[in-house]
Amino acid sequence: MASYDFKEIEQRWQRTWADQGMYRVPNPGDEGFDPSKPKMYILDMFPYPSGAGLHVGHPLGYIGTDIFSRYHRMRGANVLHPMAFDAFGLPAEQYAVETGVHPRITTDRNLENYTRQLKAFGFSYDWDRSFATTDPDYYKWTQWIFLKLFDSWFDVDLQTARPIPDLVAEMEAGEKDADGVAWHNLAPADRATYLDSQRLAYIDEVAVNWCPALGTVLANEEVTAEGRSERGNHPVYQRPLRQWMLRITAYADRLLDDLETVDWPLSVKTMQRNWIGRSEGAHIVFEVEGHGQLKVFTTRPDTVFGATYMVLAPEHPIVDEITTDSWPEGTKPSWTLGIDDPATAIEAYRLAASRKSELERQIEERDKTGVFTGAFAVNPLNGEDIPIFVADYVLMGYGTGAIMAVPGQDERDWEFAEAFDLPIVRTVQPPPDFTGDAYTGEGPAMNSGFLDGLDINDAKSKTIAWLELNGAGAGTINYKLRDWLFSRQRYWGEPIPILHGPNGELRAVPLDELPLRLPEIDDYSPNVSDDENADPTPLLVKAEDDWKYVDIDGVTYTRELNTMPQWAGSCWYYLRYLDPNNEAELVSEEAERYWMGDDGVDLYVGGVEHAVLHLLYARFWHKVLNDLGFVGTAEPFGRLFPQGYILADAFADSRGVYVPADEVVEAGGEFTYNGEVVTRHYGKMGKSLKNSVNPDDIFDEYGVDTLRLFEMFMGPLDTSRPWSTRDIVGVHRFLQRLWRNFVDEETGEIMVSDEPSQGDLNVLLHRTIESVTTDMENLHFNTAVARLFELNNALVAEPLVPADIASVFPRLLAPLAPHIAEELWQRLGKEESVVVAPWPVYDEELTAVDMVTMVVQVNGRVRDRIEVPVGITQEQAVTLALASERVQAHTGGADPRKVIAKLPNVVSLVV
RNA sequence: GCCGGGAUGGCGGAAUGGUAGACGCGGUGGACUCAAAAUCCACUGAGCGCAAGCUCGUGGGGGUUCAAGUCCCCCUCCCGGUACCA
């Protein structure tokens with residue numbers, strides 16, 4: 001049998017490659033390592049192995065990186081192309097709770113299934129470097145990094161993380177003090193408290209996102225704009241809690257600045273910049289009669305003369321203190337909610353504000369509401385008394401939770417001032433034709449005393465200088481970025497290796513006791529609740545006492561019972577691949593320096609949904625490790641390439657519930673499921689839309705090579721594209737045609753000539769090498785496939801495949817469809833695998849052709865096409881063009897007024 | 001609202017300012033076959049024309065240019081992100 005038996009071929013080569021360890025790559029110092037080759041680190045975002053298994057959308061990026069890896073292997077690089085699994089986290093735990101099976105068991109089962117599916121794609125991973133983040137040998141080092149964070153502080157002067165003992169030394173030497181208090185004046189307990197407050201991993205009481213339905217708190221990055229959990233879409237409540245925090249804000253500027261140094265798409269850089277949210281401006285201090293000072297942040301210090309009132313967030317701690325006993329004279333009825341005393345009015349307002357969070361937040365036009373506190377502050381620039389309001393358009397989580405309101409230059413303040421009948425003063429002169437309300441544009445200052453006439457920038461710096469001189473404020477920079485909330489109350493995560501002493505002292509678990517293993521417990525279901533006032537309780541309270549309590553020198557310590565968030569394990573996995581079995585170090589310096597080189601990972605492909613979560617967290621950890629000397633680059637991922645998604649039709653019934661898309665039938669323009677009419681939607685392929693296509697089914701019918709080619713041929717790697725099973729036959733036909741071109745299906749003999757290709761076919765061959773090579777470099781796999789189609793089609797007319805094409809074609813195809821490429825390569829009698837065969841080179845003399853089609857245009861319209869030699873002179877070209885009958889029909893035989901020639905492609909005549 | 005990215009045949013998509021629609025799917029016709037599948041050949045943006053050929057055509061409107069899918073201005077719609085961030 002000599003027809004194209006893709007199943008037999010694919011399975012046989014996958015076995016052979018595995019047996020031969022074809023994709024194993026040695027480290028420096030290992031046997032077989034070749035230091036003369038360049039290194040290439042090609043990384044996928046590793047998957048979260050869910051119970052549903054892979055669908056054809058998941059591996060889109062994996063196919064891309066595999067092609068790129070195979071291409072670079074053939075180009076002679078040491079290619080590191082690994083794969084592992086991100087297996088801690090909520091979904092695994094939720095699934096375990098649903099099925100009543102321990103997450104360790106379900107996770108192992110999912111890992112096995114994912115591994116099988118990924119191997120079936122023929123990916124060239126070095127599986128010897130694989131691991132799961134749930135392996136104790138792995139999370140030992142996740143915990144180790146946490147302890148490094150715990151044992152480090154951020155030196156603002158040097159803008160770097162340093163070990164805590166350095167801080168102690170500088171304190172003892174008197175070079176630094178603890179917030180103004182000298183070290184030797186501090187009691188030992190206060191010293192410890194101070195040090196704890198300086199750590200990169202620290203405990204603080206902060207307003208956190210508490211999600212009772214998930215039974216855990218969440219990071220800001222895990223909460224949607226609507227105030228719901230990213231996972232599961234449950235309500236999230238703000239609530240003050242003592243939690244572990246990571247000091248990512250210390251790195252805000254470096255995370256921002258170093259974006260300039262990486263080759264990432266602008267869209268992802270912009271998302272990170274917006275998330276960090278750096279704003280330059282000033283703190284300004286307003287005196288409140290009898291109550292000290294109120295600090296605001298503003299980006300427009302130039303407009304202080306127009307600050308006609310102030311607004312505090314409803315939760316601002318000073319509100320209760322400054323609220324007066326009764327409304328002062330001049331209080332307008334609209335400022336009081338119609339309530340007689342300020343304290344009651346503010347209480348009522350706060351209640352109303354907290355109630356409306358859910359529904360009314362969605363309303364586009366948010367009417368300005370608020371209530372007067374009864375108190376006044378003094379505008380430091382003009383000495384005027386201005387009323388202080390409470391209003392929910394000011395957020396406690398940004399800046400200082402208080403603003404100076406400048407209605408003349410701020411649209412929100414204008415709306416509030418209109419609604420509450422407050423004075424409006426323009427401090428920037430709008431252009432004469434300006435008809436709007438608040439004016440936020442450029443212009444000279446007005447109504448602003450000593451600032452009048454200055455443009456915005458000069459007015460800003462002059463105001464800041466005045467504030468600093470008069471002790472009323474200072475220039476400052478504000479960030480939207482908050483520190484990273486790092487505690488979770490769930491079971492299925494890395495235990496945080498900290499012990500709590502009887503007096504609250506913190507003690508790191510000794511490094512030689514890592515990994516601190518997750519204890520076995522009987523009931524790992526989370527403490528969920530639909531009551532927002534329920535207390536978050538870490539699940540590990542259910543652990544046995546001999547795990548929870550530790551005696552050291554007669555003192556009983558309690559273990560930290562929170563676990564780490566999902567993102568911890570993925571923050572550094574790309575480093576563990578470099579040296580996965582190292583028991584003594586996270587990664588050896590030699591391996592790290594070699595594989596990370598100067599710019600880190602050479603290509604990182606994954607979904608853009610990680611733009612501000614994983615990619616920001618990982619950059620943060622990497623910078624800490626860099627500061628502490630454990631890694632050699634400032635950035636982990638030199639080049640990032642976000643892949644598109646595979647989309648597919650999805651169908652919902654009349655209740656809006658999705659039905660299995662593969663059981664929907666179309667008839668007469670209508671879609672039905674079990675006889676019921678359903679409506680068609682369109683979206684990302686996945687479990688929730690019930691429109692997944694299982695790759696196993698495609699392998700069965702068409703084979704691995706077909707699916708790989710098909711997914712690449714559908715379109716550019718970075719754009720989303722709709723799945724259409726119908727279209728697969730195209731690439732499958734290509735492979736069958738290729739097979740028939742090379743192999744006689746009757747006899748099974750290879751049909752290859754001893755003679756090389758001639759003429760046009762030879763030119764086509766070299767042009768194909770040229771364009772496929774360029775496409776490989778640029779990840780344009782869709783057009784690379786198209787070029788191979790063309791070469792294949794040209795072979796149909798040849799009784800035998802010319803020798804040079806027989807040698808080149810399997811190699812050009814090998815990165816894309818490795819199995820059939822290897823089979824043909826071996827049938828040609830090659831000794832070595834096509835996996836390590838050298839990438840073909842083209843002959844530039846052949847790609848630079850000698851004849852070309854010259855276009856002749858008359859008045860900008862194409863009127864004739866003439867075959868000409870590439871070296872044609874302008875004179876010859878014009879003579880040829882004018883001699884053309886078709887051209888004469890449009891010029892009327894007249895001489896052109898003007899001739900533009902871009903030889904040899906175009907002659908353009910103007911008559 | 002703001003930021004980023006898009007809009008090209010029936011469909012997926014190609015096109016360093018220089019032949020728009022490569023390549024594939026689908027479709028039409030033909031060859032082979034008792035027939036079908038598979039395969040092979042031809043055609044396939046729209047309109048007019050017997051034909052040679054002509055006109056129109058890359059979301060819409062203007063502009064620059066001998067020449068615009070590509071560059072500039074304005075607008076519409078779609079996708080992603082973000083949103084009372086002071």
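Residue numbers begin at 1 in each chain, while the letters A, B, ... track the order of the sequences. Given the structure is predicted, the values throughout are model-derived calculations rather than measurements.
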Check every atom of B:G18, B:C3, B:A14 against the side chain of A:V906 and return the nucleotide holding the closest atom.
B:G18

Is any side-chain nitrogen or oxygen of A:R740 closer than 4.0 Å to OP1 or OP2 of B:A38?
no

Using the P atoms only, state how far B:G18 lies from B:G69, rounded to an integer number of Å.
10 Å

Looking only at the side chain of A:N793 (C-beta and beyond, no hydrogens), which of the listed nucleotides B:C25, B:U19, B:G24 gets closest?
B:G24

Just wondering, more than 12 heavy atoms not from A:E867 lying within 6.0 Å of its CD?
yes

Answer yes when A:R767 and A:E770 have at least one side-chain N-carboxylate O distance shorter than 4.0 Å, and no when they do not.
no

Just by distance, do the side chain of A:T400 and the backbone of A:K295 share a donor-acceptor pair under 3.5 Å?
yes

Sorted by position of nearest nucleotide on RNA chain B, 5' first, the leading residue of A:I403 and A:K898 is A:K898

Taken to the nearest 0.5 Å, the spacing of A:T303 OG1 from A:Y439 OH works out to 13.5 Å

Distance between the C1' atoms of B:U19 and B:A67, in whole angstroms?
12 Å

Separation between the C1' atoms of B:C2 and B:A83, rounded to whole Å:
8 Å

Name the nucleic acid region contacted by A:V394, choosing base, sugar-phosphate or nothing; use a 4.0 angstrom heavy-atom cut-off, strictly under.
base

Could you tell me how far B:G53 sits from B:G5 if I compare only their C1' atoms? Round to whole Å.
42 Å

Expressed as a whole number of Å, how far does the P atom of B:G59 sit from that of B:U8?
6 Å

The criterion is ring-ring contact (aromatic ring centres under 6.0 Å, His included); which residues satisfy it with A:F305, sequence neighbours excluded?
A:F450

Keeping the roles fixed (side chain from A:R863, backbone from A:V858), state whether a donor-acceptor pair exists under 3.5 Å.
no

Counting just side-chain N and O atoms, does A:R737 come under 4.0 Å of either OP1 or OP2 of B:C23?
no

Polar atom pairs (N or O), protein with nucleotides 6-12 of chain B, under 3.5 Å:
| from | atom 1 | to | atom 2 | distance (Å) |
| --- | --- | --- | --- | --- |
| B:G12 | O2' | A:M714 | O | 2.7 |

Look at A:N905 and B:U16 and indicate whether a side-chain polar atom (N or O) is within less than 4.0 Å of OP1 or OP2.
no

Closest-nucleotide mapping onto RNA chain B: is A:G399 or A:S908 further toward the 5' terminus? I mean the 5' end.
A:S908

What distance, rounded to whole Å, do you find between the two P atoms, one in B:C72 and one in B:G17?
12 Å

Using atom P of each nucleotide, how far apart are B:G57 and B:U70 to the nearest Å?
13 Å

A:D483 (side chain) donor-acceptor with A:I248 (main chain) under 3.5 angstrom:
yes

Can a donor-acceptor pair be found, under 3.5 Å and without considering hydrogens, that links the side chain of A:T308 to the backbone of A:P423?
yes

Under the rule of Watson-Crick or G-U wobble with both distances under 3.5 Å, where | means paired to another strand and [ ] a crossing pair, RNA chain B maps to (((((((..(((.....[....)))((((((.......))))))((((....))))..(((((..]....))))))))))))....

Is A:R863 touching bases, backbone alone, or none of the nucleic acid, heavy atoms closer than 4.0 Å?
sugar-phosphate

Is A:Q857 side chain donor-acceptor paired with the B:G18 base, going by distance under 3.5 Å alone?
yes

Within the structure shown, what part of the strands sits under 4.0 Å from A:G277 by heavy-atom distance: base, sugar-phosphate, or nothing?
nothing

Would you call A:E260-A:R273 a salt bridge at under 4.0 Å N-O?
yes

Using the P atom on both, measure B:C41 against B:C32 and round to a whole Å.
15 Å

Once you apply a heavy-atom cut-off of 4.0 Å, does A:N478 come out as touching a base, just sugar-phosphate, or nothing?
nothing

Base B:A22 paired with A:R787 side chain (donor-acceptor, <3.5 Å):
yes

Does A:R861 put a side-chain nitrogen or oxygen below 4.0 Å from OP1 or OP2 of B:U19?
no

Please name the residue in the list A:E415, A:E411, A:E418 that meets the salt bridge (charged side-chain N to carboxylate O under 4.0 Å, His left out) test with A:K368.
A:E415

Inter-residue atom distance A:T298.OG1 - A:H283.NE2, 0.5 Å rounding:
10.5 Å

A:D413 near the nucleic acid: base, sugar-phosphate alone, or nothing, with a heavy-atom cut-off under 4.0 Å?
nothing

What is the nucleic acid contact for A:P716, judged by heavy atoms within less than 4.0 Å: base, sugar-phosphate only, or nothing?
sugar-phosphate

What's A:S279 touching, base or sugar-phosphate or nothing? Going by heavy atoms closer than 4.0 Å.
sugar-phosphate

